Amino acid sequence: MPPPTPIEPKAVEAITGDVKAANAPSGQAPPSGCRFRCIACGDLSDSAVQNFRCSRCGDLLEITNPRWSHAQGSSAPTASGLKTTWKQRRDSLSPVDLSGVWRFRELLPTLENLHQVITLREGNTPLYELPQCSRMLGLPHLFAKHQGMNPTGSFKDTGMTVAASFARQAGFRWVACASTGNTSASMAAYAARGGLRSLVLVPEGKISWSKLSQALDYGAVTCQLRTDFDGCLRLLQELVLRAPVYQLNSINPFRLEGQKTLAIELLEQLDWQPPDHIIVPGGNLGNSSAIGKALLEMHDLDLISRLPKLSIIQAEGANALVRTLREAGGKRLITVEAETAATAIRIGNPASWKKATRVLQTTGGACEQVSEVEIARAKAEIGAEGIGCEPASAVTLAGLRKLLKQGFVKPGESVVLVLTGHLLKDPGFTMEFHRGELLPATAESDSSLLELQALRRPPIVLDATLDAVIRTLEQQEKSDLQA
Ligand code: F0G
């Protein structure tokens, strides 16, 4: 067997987010049509180094494209022109048009060659009404944008198609991420489709088996590290400076560009009438940042006439942003030792906290936290709608309940919950909940116990007789009538 090809440290210097951009003459927009701007010092550059941090101050970068702003006058795309183009592409059979991300490519960085896109037909996710939750909360206009209906079962696919395509265009062989499970599943799939090798760093014993099994099946080199997510991400940031490995965490601004399309598609589904509120879960805070960026760009381009309030909900045990805003006025990050059964958002040191803080300020959104009991209840309620989601997504409904009580959301207003992951992402949580094994008895107060009990549907083991099944039906019918 030939020895493995060593990873050349020399190659690292040549790597940028966009190799062509690095070669663009100064003062002229690079071929991708976009530049990198530091979110703290505002420094603009045509290329980014491997860790996607500002070479001056070390803060995060965001992608900016002069074509998307009014400042460009007549060269800016018109709102009605964009709406028509995006609608027409729905009739097309070309792979880029079938993607619910690349269909909106006017608001994405431009690939040199659209045939280079790595796509699994991501996006195109449904917007569901939630009639039972609507009635329960007294909110007539309650919707769920279900990003769990993406090809690998989470919202990560919308960002991954963009970032993985740029990784391949830039000539990388390896892509890598730290993950609580969904990013790794998505990255592994897109790498496999694009002929790239992928390296996954996950916290040992802290991610669901479903997500881990996806990464294995899609062929990733999967390392379970004896640390938490924050430890994995720290290590990855060092790794990408030492080896020619392209990082696909949401620190990578190309990921956030793709994730913007969630909001564009949502507004298109609402016929460009903005809802009053959009509510998202907050973990590493990339998704909220991406949605906020999309809302601002759409507003800038007159695609929408006003901004919805974007609110972020965290688990009480992983509430770094909540504490940062309440205890430090959003000025410095307060990190926490994260602990929650919603493992997707078990993050204590969120990378994009500054971007998310800015989005909350600009859109006037709120930031709340919810308990483990509240998450479990909300997840079962979304399940009972025949939709389902993973625990991290359910924080949105639990948070909405709180925001309604506080009067931040008013009964007549329209609300969209962003469900980030599919029910089947974490069957362990679901089984434990229905069997009554999820929460310690002390966590359930008398009133919440009754509410949770009503939502539980444990499997029933019976003798294989007709009598036994009919008796069960009758019992169920009786308790339904009493409810
Ligand atoms: N919901 C789900 C299902 C997630 O997987 C994540 C993050 C979030 C919400 C939070 O999104 O980080 O953009 O604020 N999962 C990452 C991962 C961290 O590695 O899969 P965020």
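Because the structure is predicted, anything quoted here is derived from the model rather than measured. All ligand and atom numbering here is 1-based and tracks the order in the structure.
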When distances are taken from atom 13 (O) of ligand 1, the protein heavy atom at minimum range is N287 N, 2.8 Å
Begin with the C-alpha distance, continue with both residues' side-chain angles, and end with the deciding distance and a verdict on ring-ring contact (aromatic ring centres under 6.0 Å, His included) for F172 and F166. CA-CA 9 Å; F172 282 88; F166 275 90; over 10 Å; no
Show me which atoms of ligand 1 lie under 4.0 Å from any heavy atom of G286. 13 (O), 14 (O), 21 (P)
Indicate yes or no for a side-chain donor-acceptor contact from H434 to the backbone of R457 under 3.5 Å, with no hydrogens or angles considered. yes
For ligand 1, is any non-hydrogen atom under 4.0 Å from K425's backbone (N, CA, C, O), its side chain (CB onward), both, or neither? neither
Would you say S179 has any N or O atom under 3.5 Å from an N or O of ligand 1, going by distance alone? yes
Against heavy atoms of E390, which atoms of ligand 1 measure under 4.0 Å? 3 (C)
Would you say N284 and ligand 1 have an N/O pair spaced under 3.5 Å apart? yes
Among A344, A394, A351, which one has a heavy atom closest to atom 4 (C) of ligand 1? A344
Suppose I only count heavy atoms of T183 and a 4.0 Å limit; which atoms of ligand 1 are within that range? 16 (C), 17 (C), 19 (O), 20 (O)
Polar proximity ligand 1 side, N182 side, N/O cut 3.5 Å exclusive: yes
Check the pair S352, N284 against side chain to side chain contact (heavy atoms under 4.5 Å, CB included), reporting the backbone distance first and the verdict last. CA-CA 6 Å; S352 294; N284 214 19; 5.9 Å; no
Can a donor-acceptor pair be found between the side chains of H422 and E390 at a distance below 3.5 Å? no
Closest approach of any protein heavy atom to atom 11 (O) of ligand 1, naming residue and atom: F155 CZ, 3.5 Å
Does ligand 1 have a heavy atom under 4.0 Å from the side chain of V280, from its backbone, from both, or from neither? neither
4.5 Å side-chain heavy-atom contact, H141 and E129: no
Under the criterion ring pair (Phe, Tyr, Trp, His ring centres under 6.0 Å), which of F52, W174, F254 is the partner of Y246? F52
Parallel, tilted or perpendicular, as decided by the 30° and 60° cut-offs, for the rings of H146 and Y128: perpendicular
Check the pair L236 / I251 against side chain to side chain contact (heavy atoms under 4.5 Å, CB included), numbers first and verdict last. CA-CA 11 Å; L236 178 75; I251 288 173; over 6 Å; no
What part of A392, side chain from CB on, backbone N/CA/C/O, both or neither, has a heavy atom under 4.0 Å from ligand 1? side chain
Of V418, T420, I345, the one whose closest heavy atom lies nearest atom 8 (C) of ligand 1 is I345
Side chains of K425 and Q214, donor plus acceptor under 3.5 Å: yes
Pair R306 + D276: basic N to acidic O under 4.0 Å: yes
From L285, V395, T396, L201 - option closest to atom 14 (O) of ligand 1 by heavy atom: L285
Side chains of Q269 and K145: do they bring a donor and an acceptor to under 3.5 Å? yes
Out of Q147, K156, Q259, who is nearest to atom 16 (C) of ligand 1 when you count heavy atoms only? K156
For atom 18 (C) of ligand 1, tell me which residue out of I291, T180, V202 has the closest non-hydrogen atom. T180
Taking 4.0 Å as the limit for heavy-atom contacts, which would you say applies to I347 with ligand 1: side chain only, backbone only, both, or neither? side chain
Counting only nitrogen or oxygen atoms and a 3.5 angstrom limit, does G421 reach ligand 1? no
